[in-house]
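Structure first, commentary second.
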Amino acid sequence: MIQKAIYAIDQMSKTVGHAFAWCIVILTFGTSYEVFVRYLLNAPTDWAFDFSYILYGGLFFMSGAYTLSRGGHVRADMFSRLWRPRTQASVELFLYIVFFFPGVLSMSIAGWHYAYDSFRIREMSINSPIGIPIWQIKMMIPFGAALLSLQGLAECLRCVLCLREGAFAPRLHDVEELEQQLIKDRAAAVGKTVEEVTR
């Protein structure tokens, strides 16, 4: 049951993360177009700055849960990665409850008020002469924080499962850190397991 809940939340984070990853492609084309018309045609656009920060903001807010589901957020784990899994799980569970959830839930609540005020007045950008609406990006703050909270719940369930069974539930894999691939290659080259190489 716990494993199914973790998998379902991970899948949702993956779906949202992959959908918003397309912002990078759109942002690349938009920025390239702006560079072309600004420097080669001497005809800069009115919308390029707003376009870039709206897309980057959307990517930033909506990919936090995906990054957490992959263990990709910055961590100070130079010592804890050497601990036994149950020790890691108990420390992580404590840190999620004491630090992660209060911060993310505060961001959800404050972000909702901030986004609602922006929506209510139909806020527009003051950075461009054409007045691009920006309330949509502010609506992503509470939604992104809510997704992050949900993924935090999955991480807590992962810790509980580890405390019970002695091993962390596997993560979905669609990307891998270069460091992990190098460790696997090294282990294969010397005929050892990954665990033996990382000791």
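The first residue of the sequence shown is numbered 1, and numbering continues consecutively from there.
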Check: [Y] and [X] side chains under 4.5 Å, non-hydrogen atoms:
{"X": "Ile132", "Y": "Asp46", "result": "no"}
{"X": "Val16", "Y": "Tyr66", "result": "no"}
{"X": "Tyr39", "Y": "Pro44", "result": "no"}
{"X": "Leu95", "Y": "Phe100", "result": "no"}
{"X": "Lys138", "Y": "Asp117", "result": "no"}
{"X": "Met62", "Y": "Leu147", "result": "yes"}

Locate the shortest heavy-atom distance separating [X] from [Y]; write the atom from each residue and the value.
{"X": "Ala5", "Y": "Leu157", "answer": "CB-CD1, 4.1 Å"}
{"X": "Phe101", "Y": "Leu153", "answer": "CZ-N, 3.5 Å"}
{"X": "Ala145", "Y": "Val104", "answer": "O-CG1, 3.3 Å"}
{"X": "Cys162", "Y": "Pro85", "answer": "SG-O, 3.4 Å"}
{"X": "Gly58", "Y": "Ile137", "answer": "N-CD1, 3.1 Å"}
{"X": "Ala65", "Y": "Leu148", "answer": "N-CD1, 3.7 Å"}

query: Apart from Phe168 itself, what residues make up its hydrophobic cluster, given side-chain heavy atom links below 4.5 Å?
result: none

message: Quick test of your reading: applying side chain to side chain donor-acceptor pair (under 3.5 Å), list the pairs with at least one residue in residues 6-25, sequence neighbours left out, ordered by first then second residue.
response: Asp10-Gln151, Asp10-Arg158, Ser13-Gln151, His18-Asp174

- prompt: Can you list every side chain to side chain donor-acceptor pair (under 3.5 Å) pair that touches residues 84-99, not counting sequence neighbours?
  reply: Arg75-Glu92

Can you give me every donor-acceptor pair (side chain of residues 27-35, partner residue at least two apart or in another chain, under 3.5 Å) with its distance?
| from | atom 1 | to | atom 2 | distance (Å) |
| --- | --- | --- | --- | --- |
| Thr28 | OG1 | Ile24 | O | 2.7 |
| Thr31 | OG1 | Leu27 | O | 2.8 |
| Ser32 | OG | Thr28 | O | 2.7 |
| Glu34 | OE1 | Thr45 | N | 3.1 |
| Glu34 | OE1 | Thr45 | OG1 | 2.5 |
| Glu34 | OE2 | Arg38 | NE | 2.8 |
| Glu34 | OE2 | Arg38 | NH2 | 2.7 |

Pairs touching residues 104-113 that satisfy salt bridge (charged side-chain N to carboxylate O under 4.0 Å, His left out), sequence neighbours left out: none

task: Using a cut-off of 6.0 Å, state whether more than 12 heavy atoms not belonging to Tyr53 lie near its atom OH.
output: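 More than 12 within 6.0 Å, yes.
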
message: Counting only heavy atoms from other residues, nucleotides and ligands, does the tally under 6.0 Å from CD1 of Ile126 exceed 12?
response: no

task: Applying side-chain contact (heavy atoms from CB on, under 4.5 Å), name anything that partners Phe60, two or more places apart in sequence or on another chain.
output: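 So Phe60 forms no side-chain contact (heavy atoms from CB on, under 4.5 Å) with any residue.
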
field: Given Trp112, Trp135, Tyr114, the one that forms ring-ring contact (aromatic ring centres under 6.0 Å, His included) with Phe119
entry: Trp135

field: Ser118: which of Met139, Glu123, Met124 passes side chain to side chain contact (heavy atoms under 4.5 Å, CB included)
entry: Glu123

